[in-house]
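Below, all heavy atoms of this structure are taken into account, side chains as well, without hydrogens, waters or symmetry copies. Note that ligands are numbered from 1 as they come in the structure, with each ligand's atoms numbered from 1 the same way.
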Amino acid sequence: MSTPKTIRWGILATGGIAKTFTKDLLVDPQTRGVTNVKHTVVAAASSSSQSRAQDFLKDTGCPADAKAYGSYEELVKDPNIDIIYIATPHSHHYQNAMLCLEAGKNVLCEKAFTVNAAQAKALAEKAKEKDLFLMEAVWTRYFPLSIYVRDLITSGRIGPVVRVTADNGFATDPEEAFGDGKHRLVNPDLAGGALLDLGIYSLTWVFQTLYHTQPEKTRQPPKVLAAVKNYSQTKAADETTTIMLVFPRSPEDGGDAHAVATTSIRVTTTPGGTHDAPSIRISGPKGEIQVFPPAFRPTRTKLILNDGTVEEKHWPHPGPGKGSGWYNGFGNGKNAEGEGHGMFWEADEAATALLEGRKEGKYEGLAESILIMEVMDEVRKQGGLVYPEKIETTKYPTEL
Ligand SMILES: NC(=O)C1=CN([C@@H]2O[C@H](COP(=O)(O)OP(=O)(O)OC[C@H]3O[C@@H](n4cnc5c(N)ncnc54)[C@H](OP(=O)(O)O)[C@@H]3O)[C@@H](O)[C@H]2O)C=CC1
Ligand SMILES: O=C1OC[C@@H](O)[C@H](O)[C@H]1O
């Protein structure tokens with residue numbers, strides 16, 4: 001067995017998900033059977049202050065010699081970094097990723113990749129020009145569970161997929177929870193709203209089952225019909241969005257396939273905290289694959305075939321064994337004893353790509369990230385959801 005290559009990460013921003021990601025990054029890859037790469041954190045930057053970056057490094061258990069920077073500009077100049085993980089709000093991804101790419105750094109950028117498709121295209125072009133790796137951090141795509149579901153589809157267990165339904169919602173009273181409208185989930189200046197934050201997971205499930213599983217040369221963009229209801233306070237961020245998609249397919253491949261992707265920050269996928277109903281149903285003529293909530297971090301699947309076969313599986317996220325704390329946009333939680341959060345699989349993929357000289361993620365390349373941004377652009381267009389020009393622009397640099 002060859003020695004694993006150590007990939008040196010820089011962390012851009014020190015908020016909630018940056019902490020969760022960094023803790024996961026430091027989990028020994030061998031606990032999940034990964035032997036080709038290891039991760040270390042060599043620096044973190046906060047736009048607020050250097051001391052915040054210092055506290056972040058300490059809280060997440062990074063090596064004592066990791067550098068703390070008080071600006072993103074300093075971070076991207078650090079010559080010891082192999083790749084930068086961007087964990088700012090959606091509104092800032094374009095400017096931050098451009099900063100990294102211009103400085104010659106490989107990038108793993110949180111979802112939603114950008115505010116719109118034009119920005120995503122501009123980043124992809126810049127990465128190509130600079131010969132750098134660039135990937136949208138849609139962690140769910142890299143879970144063993146997702147690989148299993150895609151394999152079930154391509155091996156034909158349920159026949160050609162006819163319909164997919166996918167939901168990702170949280171029940172809050174947004175007026176009460178985010179009353180002043182400043183939180184990133186509802187703030188238009190931060191590209192807030194259900195669609196870009198949570199709906200992207202519903203679309204991820206639709207795309208990874210109906211699009212990514214098709215041979216590349218036959219994949220076609222879907223037709224889209226959407227309804228968008230805005231959050232009442234700002235009227236410029238969506239609270240509930242429903243999308244119908246039709247993926248054109250030849251009659252030999254099963255004909256057109258349908259999908260319904262739903263999302264909300266007012267109604268939940270898991271009423272009363274129950275996780276016993278599937279949030280994703282992938283239906284074919286021979287049966288159905290069910291994936292249980294939450295859509296962004298599922299740990300249970302069920303294959304039900306019309307011949308009576310039922311195969312239920314559980315997909316733990318191996319980890320440090322201490323029930324480590326984790327975070328999502330709606331608050332803090334705790335992993336089960338012996339579990340990590342599951343963000344390490346996307347990090348392994350990014351690191352492996354660097355090792356192999358690949359410039360894109362294996363399970364969602366840039367063309368697919370751009371296409372999903374185009375779908376979200378169309379949804380916003382149909383729903384009349386427009387963000388401020390300064391965050392929609394492709395002009396770089398722009399002060400945010
Ligand atoms: N994959 C997943 O499961 C999850 C992904 N996310 C994604 O991660 C990203 C960040 O979300 P999250 O960590 O919840 O956000 P937080 O608000 O907790 O953190 C965002 C950080 O970005 C930096 N920042 C820079 N400019 C601004 C600004 N104008 N307003 C607010 N923050 C700013 C700050 O760090 P500093 O002061 O250090 O510069 C801040 O701490 C989003 O794209 C979100 O979609 C979020 C939750 C879960
Ligand atoms: O990516 C995410 O997944 C979990 C959600 O709670 C969070 O808001 C979102 O950003």
So for Ala53 against ligand 1, with non-hydrogen atoms under 4.0 Å, the contacting part is neither
Exercise. Before accepting this row, confirm whether a basic side-chain N of the pair Glu399/Lys390 lies closer than 4.0 Å to the acidic partner's carboxylate O.
Key: no
Item to complete: State whether the shortest distance between N or O atoms of Ala18 and N or O atoms of ligand 1 falls below 3.5 angstrom.
Response: no
### His93 heavy atom under 4.0 Å from ligand 1
yes
Checklist line | Short side-chain donor-acceptor distance under 3.5 Å, Ser202 and Asn168 | finding: no
- Take every heavy atom of Phe56, measure it against each atom of ligand 1, and state whether any distance is under 4.0 Å. no
Of Thr88, Thr20, Ile17, Ile200, the residue with the heavy atom nearest atom 42 (C) of ligand 1 is Thr88
Exercise. With a cut-off of under 6.0 Å to the ring centre and 45° to the axis, is Arg141 in cation-pi contact with Tyr363?
Worked result: no
Under a heavy-atom criterion of less than 4.0 Å, does Met343 contact ligand 1?
yes
Going by the 4.0 angstrom heavy-atom rule, the piece of Tyr201 near ligand 1 is side chain
Requested in this report: Carefully, step by step, assess Lys302 and Glu288 under the rule salt bridge (charged side-chain N to carboxylate O under 4.0 Å, His left out).
Outcome: CA-CA 8 Å; Lys302 209 185 237 187; Glu288 177 168 298; over 6 Å; no
In ligand 2, the atoms that come under 4.0 Å of a heavy atom of Lys111 are 1 (O), 2 (C), 9 (C), 10 (O)
Check your understanding: Looking at Lys105 and Asp78, does any basic side-chain N land under 4.0 Å from a carboxylate oxygen?
Key -> no
Ranking Val138, Leu185, Leu198 by closest non-hydrogen atom to atom 5 (C) of ligand 2, top hit is Leu198
Evaluate the criterion ring-ring contact (aromatic ring centres under 6.0 Å, His included) for residue pair Phe143 and His317; output intermediate values, then yes/no.
CA-CA 9 Å; Phe143 293 174; His317 292 203; 4.9 Å; yes
With heavy atoms and a 4.0 Å threshold, my read on which part of Leu196 contacts ligand 1 is neither
Quiz item: Hey, is Phe113 one of the residues with a heavy atom under 4.0 angstrom from ligand 1?
Solution: no
Distance alone, cut at 3.5 Å: any donor-acceptor contact between the side chains of Tyr231 and Glu175? no
Check: Are Glu364 and Lys111 within salt-bridge range, i.e. N to O under 4.0 Å?
Finding: no
Can a non-hydrogen atom of Phe296 be found less than 4.0 Å from any atom of ligand 1? no
Looking only at distances, can you tell me whether any N or O atom of Arg184, backbone or side chain, sits closer than 3.5 Å to an N or O atom of ligand 2?
yes
Nearest heavy atom to atom 27 (C) of ligand 1, choosing from His92, Lys19, His183, His341, belongs to His92
Ligand 2 atoms nearer than 4.0 angstrom to some heavy atom of Phe170 are 6 (O)
message: Looking only at the side chains, is there a donor atom on one of Thr31 and Asp28 sitting less than 3.5 Å from an acceptor on the other?
response: no
At under 4.0 Å between heavy atoms, what of Lys111 touches ligand 1? The answer is both
Q) Do the ring centers of Tyr201 and Trp205 come within less than 6.0 Å of each other? A) no
Ranking Arg297, Gln95, Arg184, Glu110 by closest non-hydrogen atom to atom 15 (O) of ligand 1, top hit is Arg184
At under 4.0 Å between heavy atoms, what of Arg297 touches ligand 2? The answer is neither
Checklist entry - Are Glu378 and Gln382 close enough that a side-chain donor and a side-chain acceptor fall under 3.5 Å? => result yes
One finds that the ligand 2 atoms under 4.0 Å from a non-hydrogen atom of Tyr201 are 1 (O), 2 (C), 3 (O)
